[in-house]
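Data block below; observations after.
Note that the numbering runs from 1 along the sequence shown for the chain. Counting starts at 1 for both ligands and their atoms, in listed order.
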Amino acid sequence: MTTATETKLSKLPKVQTALPGPKGKQVIAYDAKYMSPSLTRDYPLVAERASGAIVEDADGNTFLDFAAGIAVCSTGHCHPQVVAAIQRQAAEMIHIAGTDFYHRHMPEFAEKLVSTMPKTHNWKVFFGNSGTEAVEGAIKLARYHTKRDKLIAFYGCFHGRTLGSLSLTASKSTQRKYFGTLLGGVEHIPYPYAYRCPLGHTKETCGGEVIELLEQQIFKRLFAPEEVAAIIVEPIQGEGGFIPAPAFFLQELQRICNKHGIMLILDEVQAGMGRTGKWWAYDHAGITPDIVLTAKGIASGMPVAAFIAKDTVMDWKVGSHGTTYGGNPVCLAAASVTFDLIQGGLMANAEKVGNYIFSKISDWPSRFKIVGDVRGKGLMIGVEIVRDQRTKEKAADLRDAVVNNAFHRGLLTLGSGENSIRMSPPLIIDQEQADCAIRIMEEAIAEAERK
Ligand SMILES: Cc1ncc(COP(=O)(O)O)c(C=O)c1O
């Protein structure tokens, strides 16, 4: 069998059949027979193999991947060093429950993660398998440590789909509908969304009113701050539309948390691991969280998640929390190489190519009637699509049309929020691939605009 790395797929996309092609159609029909209908497939890509930033479908069409498995494949698909590490470790030891026994991969990778954290504190790590597990663990740790139960999260946020994390998620009501009573004691407040700031503030200044709401209304009328276990926030909202929180806003949250002994939990599941040009999106604000959550881009597609907490916070006793698979040696072998590759150049590349892309697309709102906003950091690039720039009416149909047009031209992107597009390519992309993606997006937007 030929593997994707042996195939050496070309750097640029080529679509040569109608989409989906005949083999793709068969897989889609097969899938419909057996798979849960809850999965949201944005468009009919039927992936067969992948290498670098290119995905090949079942009919031999190739696509430039600006979705990266939802910001997961940070080192590109099947990076040879990641593949070799997985193969090596799979031949040595696939599993030994890290909750029962020791293996060196856990402290080795934990040490690497801790090296990214502020040096003012000591940090400890717990491994899981998915973003939602990291969120669940962090909720438990915050409650355990503070002996409080109230939680504050933000509208538009996405923290996962298991019942605890779903209680925090406030992205789309379909994600909560019919799932009954969720965790009690959760309050949501607005996220600083500069493009739609009701007070007309800028990307730097939006959100002061939310801080006031928290201190003057929530703390005085709903929950006394000494009842609040944690405030959980995405420094850049991912599913919500790639919306960065202003630095001052995150700094204000830290001030409030420090003042009241509330845990500041930063959900970096989508924004973290070098994607924004720094290890963590919160690094751009220079703050020190109590707990950081990571998953997605951490292990190039192998299921690894972690929460990293100040050692004074991770004070729970033996048996309080555990996992069968978390910290699996094969997954951590992939994570360890992924970390080295990100540190060894991919994080810098994310900043360089990200800046290049923003320099080419920041003027889209003046060139395209349906582009309302372009925003993000590094290779976390959001484009908001509107029907009318003046009224900012959200245009989900036009957004879907742009995503679909791009797909038919060989570019994979994803929708985000009600009417935004997210581009989150692997951190390995170069300028030629960036130019290709920009050209395809411009054609895709122009085509949607003509309709
Ligand atoms: C910020 C954030 N947190 C948590 C999650 C949940 O991660 P998972 O789907 O791995 O459970 C996601 C997934 O998109 C996310 O973007």
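Distance check on atom 9 (O) of ligand 1: every protein heavy atom falls at or beyond the 4.0 Å cut-off.
Heavy-atom proximity to T132, at under 4.0 Å, picks out these atoms of ligand 1: 6 (C), 7 (O), 8 (P), 11 (O). Numbered from 1 in the order shown, with element, the atoms of ligand 1 that lie under 4.0 Å from a heavy atom of D267 read 1 (C), 2 (C), 3 (N), 4 (C). If you number the atoms of ligand 1 from 1 as listed, the ones under 4.0 Å from a heavy atom of Q270 come out as 14 (O), 16 (O). Close approach to S130 involves these atoms of ligand 1, each under 4.0 Å from a residue heavy atom: 10 (O), 11 (O). Residue-ligand proximity, G131 to ligand 1, at heavy-atom distances under 4.0 Å covers atoms 6 (C), 7 (O), 8 (P), 10 (O), 11 (O).
At most 12 heavy atoms of other shown residues, nucleotides or ligands fall within 6.0 angstrom of atom OH in Y325. Residue-environment remark: CD (E111) stays at or below the threshold of 12 foreign heavy atoms within 6.0 Å. A 6.0 Å sphere centred on CD of Q217 holds more than 12 heavy atoms belonging to other residues, nucleotides or ligands. Taking a 6.0 Å sphere around NZ of K259, one finds it holds 12 or fewer heavy atoms contributed by other residues, nucleotides or ligands.
At a 4.0 Å heavy-atom cut-off, ligand 1 does not touch A295 at all. Contact annotation for E234 and ligand 1: only side-chain heavy atoms (C-beta onward) come within less than 4.0 Å of the ligand. Heavy atoms of E268 found under 4.0 angstrom from ligand 1: none, in either backbone or side chain. Within the 4.0 Å heavy-atom criterion, neither part of E133 lies near ligand 1.
Relative ring orientation between Y34 and Y30 is described as perpendicular, the plane-to-plane angle rising above 60° on a 0-90° scale split at 30° and 60°. Ring planes of H321 and F126: tilted class, angle from 30 to 60°.
Remark: distances from the non-hydrogen atoms of K296 to ligand 1 include one below 4.0 Å. Heavy atoms of G238 stay at 4.0 angstrom or farther from ligand 1.
Here the heavy atom of the protein found nearest to atom 5 (C) of ligand 1 is V269 CG1, 3.8 Å. Ranking protein heavy atoms by distance to atom 12 (C) of ligand 1, first place goes to F158 CD2, 3.6 Å.
Because its NZ or CZ atom is both nearer than 6.0 Å to the ring centre of Y144 and within 45° of the ring axis, K147 counts as a cation-pi partner of that residue.
Aromatic ring centres of H260 and F219: separated by under 6.0 Å. Here the two rings, on F307 and W123, have centers that are 6.0 Å apart or farther.
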